[in-house]
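Read the structure below first, then the notes.
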Amino acid sequence: MLIIDSSSRNAYFNIASEEYLLGKFPEEDIFLLYVNDPSIIVGKFQNTLAEINLDYVNEHQIKVVRRMSGGGAVYHDAGNLNFSFHTLLGNHDFMDFSTFTQPIVHILNKLDIPAKLEGRNDLLVDGKKFSGNAKLAKNGKMIQHGTILIDSQMQVLSDALKVNPLKFVDKAVKSNRARVTNLIEYLPAGFTTGDFKELLIEEIKRENPAAKMIEFTASDIENIEKLVEEKYETWDWNFGFSPNYNFKKAIKIPAGFIELHLDVHKGYIERAKIFGDFFASRSIHELENLLIGEKHEVREIDTLLKSIDLTTYFGKVEPAEILTLFK
């Protein structure tokens with residue numbers, strides 16, 4: 001395993017580095033750590049403008065970056081440690097989040113902090129979330145990455161992220177702030193993000209005795225910055241094209257929040273866009289393209305959905321659940 005502790009605080013750079021590493025190290029396991037200056041990282045399939053407080057983000061010059069993985073939007077700052085595991089796709093169950101969160105849980109449990117994995121992909125302590133995790137499959141590799149709230153600015157987190165009530169229709173949750181906590185409230189006095197990072201590196205080395213630390217070379221940095229310029233800091237990637245849709249519906253099911261937009265002309269779907277915080281092992285754009293040219297009619301859509309392995313796009317779902325989006 002290769003361990004990389006990024007010295008950059010630029011969210012565009014650090015998010016781009018995850019894609020770059022897929023190409024540079026197609027076979028090796030990688031453990032990447034980074035801390036970003038204030039930024040919002042949105043899931044690949046999310047409608048960015050529906051997730052953020054745009055006026056607040058612009059006023060406070062908070063970067064907005066779309067990542068490669070699904071899942072929901074998160075806030076990063078100097079009090080938030082980010083980790084990213086890269087491994088060969090076939091070596092682990094895509095929907096298993098426990099393997100790569102266990103080192104964090106183990107560290108905290110040794111500090112007498114009752115952390116544990118709950119739900120799909122969250123780490124909680126005393127019922128409050130301090131870490132969210134997401135996954136993606138690309139180029140034969142799997143990435144699981146996540147956040148660790150050490151001493152993040154909770155007020156900024158709350159103000160910068162816009163809570164979509166459709167996400168919480170099945171939960172008694174009134175705000176995003178009520179669901180999250182900083183570990184600083186549980187850690188020893190004077191503990192810092194850097195201290196936790198060192199503990200995590202030590203734990204990964206303990207579990208992987210052959211692991212070695214490496215740094216980005218000058219060539220790596222140049223190539224990552226080129227990827228930033230061409231993709232990760234562009235409006236097209238981070239916000240995307242938002243046409244005026246004729247049909248819109250959202251649902252909340254165990255697999256996640258899913259939002260559908262359709263442009264229907266003379267009964268046929270001309271354009272389809274799917275947003276949400278689900279996890280996909282295949283590109284959701286494939287499904288969007290399959291919908292184009294289909295009648296916006298329940299029976300025909302039902303036939304199409306039953307002919308597709310929807311679990312590769314949304315995780316554990318049934319065709320009947322996705323069909324409700326079109327009604």
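It should be emphasised that the depicted structure is a prediction, and the values quoted were computed from it without experimental measurement.
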- Hey, does the side chain of N121 reach the backbone of G132 with a donor-acceptor pair shorter than 3.5 angstrom? no
- Look up atom CD1 in I148 and atom CG in N82, then write down how far apart they are to the nearest 0.5 Å. 8.0 Å
- Where the side chain of T311 meets the backbone of D309, is there a donor-acceptor pair that is under 3.5 Å apart? no
- Would you please say whether a donor-acceptor pair under 3.5 Å links the side chains of S152 and D77? yes
- Validation row: D126, T181 side chains within 4.5 angstrom (heavy atoms): no
- Message: Could you check whether Y232 and E18, counting side-chain N and O atoms only, form a donor-acceptor pair closer than 3.5 Å?
- Response: no
- Query: Which distance, rounded to the nearest 0.5 Å, do you find between the CG of L260 and the CD1 of I322?
  - Reply: 9.5 Å
- Message: Checking side-chain polar atoms at under 3.5 Å, does T192 have a donor or acceptor matched by the opposite partner on D195?
- Response: yes
- Side-chain heavy atoms of F100 within contact of T87, under 4.5 Å: yes
- Message: Taking the basic N atoms (NZ, or NE/NH1/NH2) and the acidic carboxylate oxygens, is any pair closer than 4.0 Å for E203 and R206?
- Response: yes
- Polar side-chain atom of T234 near backbone of E230 as donor-acceptor pair, under 3.5 Å: no
- Using a cut-off of 6.0 Å, state whether more than 12 heavy atoms not belonging to K110 lie near its atom NZ. yes
- Task: Would you confirm whether S131, through its side chain, and G146, through its main-chain N or O, come within 3.5 Å as a donor-acceptor pair?
- Result: no
- Which word best sums up how the rings of F275 and H261 line up, parallel for under 30°, tilted for 30 to 60°, or perpendicular for over 60°? perpendicular
- Message: Just so I know, are the side chains of V65 and N238 near enough to count as touching, which here means a heavy-atom distance under 4.5 Å?
- Response: yes
- Message: With clusters defined by side-chain heavy atoms of hydrophobic residues (ILVMFWY) lying less than 4.5 Å apart, directly or transitively, does L290 cluster with V264?
- Response: yes
- So CD1 of I40 and CD1 of I52: to nearest 0.5 Å the spacing works out to 5.5 Å
- Task: Answer yes or no: is there a donor N or O on one side and an acceptor on the other, between the side chain of K231 and the main chain of W237, under 3.5 Å?
- Result: no
- Message: Can a donor-acceptor pair be found, under 3.5 Å and without considering hydrogens, that links the side chain of R66 to the backbone of G43?
- Response: yes
- Message: With a sphere of 6.0 Å drawn around NZ of K249, does it hold more than 12 non-hydrogen atoms of other residues, nucleotides or ligands?
- Response: yes
- Is any side-chain heavy atom of T147 less than 4.5 Å from a side-chain heavy atom of Y75? no
- Minimum heavy-atom separation for V317 to A255, with atom names? CG1-CB, 3.3 Å
- Query: Hey, are the side chains of I301 and I269 touching, using non-hydrogen atoms and a 4.5 Å cut-off?
  - Reply: yes
- Note on the structure: Rounded to the nearest 0.5 Å, the CG atom of L325 sits from the CD1 atom of I251 at a distance of 4.0 Å
- In terms of heavy-atom contacts, does NZ of K316 have more than 12 from other residues, nucleotides or ligands at under 6.0 Å? no
- Query: How about N208 and F31: do any of their side-chain heavy atoms sit closer than 4.5 Å?
  - Reply: no
- Task: Evaluate whether atom CD of E207 has more than 12 neighbouring non-hydrogen atoms of other residues, nucleotides or ligands under 6.0 angstrom away.
- Result: yes
- Message: Testing D302, L305, L304 one by one against F326 for a side-chain contact (heavy atoms from CB on, under 4.5 Å), which residue passes?
- Response: L305
- Treating Ile, Leu, Val, Met, Phe, Trp and Tyr as nodes and any side-chain heavy-atom pair under 4.5 angstrom as an edge, say whether F196 and L124 lie in one connected cluster. no
- Can you tell me how far the CD atom of E215 sits from the CD1 atom of I3, to the nearest 0.5 Å? 13.0 Å
- Same cluster (ILVMFWY, side-chain, under 4.5 Å), F247 and V298: yes
- Item | Transitive ILVMFWY side-chain link I292 to I274, under 4.5 Å | no
- Task: Of all the heavy-atom pairs spanning S69 and H145, show the shortest one and how long it is.
- Result: OG-NE2, 2.6 Å
- Which of F97, Y313, F257, F314 passes ring pair (Phe, Tyr, Trp, His ring centres under 6.0 Å) with F279? It is F97
- Message: Whether the side chain of N14 engages the backbone of S8 through a donor-acceptor N/O pair (distance < 3.5 Å, no angle test) should be reported.
- Response: yes
- Task: Say whether, by atom type as modelled, one donor and one acceptor occur between the side chain of N10 and the main chain of Y12 under 3.5 angstrom.
- Result: yes
- Query: Does OH belonging to Y56 count more than 12 external heavy atoms closer than 6.0 Å?
  - Reply: yes
- Query: Can you find a heavy atom in the side chain of K273 that is under 4.5 Å from one in the side chain of H285?
  - Reply: yes
- Task: Answer yes if the side chains of D96 and T99 hold a donor-acceptor pair under 3.5 Å, and no otherwise.
- Result: yes
- Indicate yes or no for a side-chain donor-acceptor contact from S158 to the backbone of Q155 under 3.5 Å, with no hydrogens or angles considered. no
- Kindly indicate whether the side chain of P103, heavy atoms from C-beta on, has any atom under 4.5 Å from the side chain of I204. yes
- Shortest non-hydrogen contact from D29 toward L88: OD1-N, 4.0 Å
- Message: Has E321 got a side-chain atom pairing as donor or acceptor with E318's backbone, closer than 3.5 angstrom?
- Response: yes
- Task: Enter the distance from L136:CG to M68:CE here, rounded to the nearest 0.5 Å.
- Result: 5.0 Å
- Between F25 and H86, does the ring centroid distance fall short of 6.0 Å? no
- More than 12 foreign heavy atoms under 6.0 Å from CD of E229: is that the case here? no
- Check the angle between the aromatic planes of F45 and F278 and answer parallel, tilted or perpendicular using the 30° and 60° thresholds. parallel
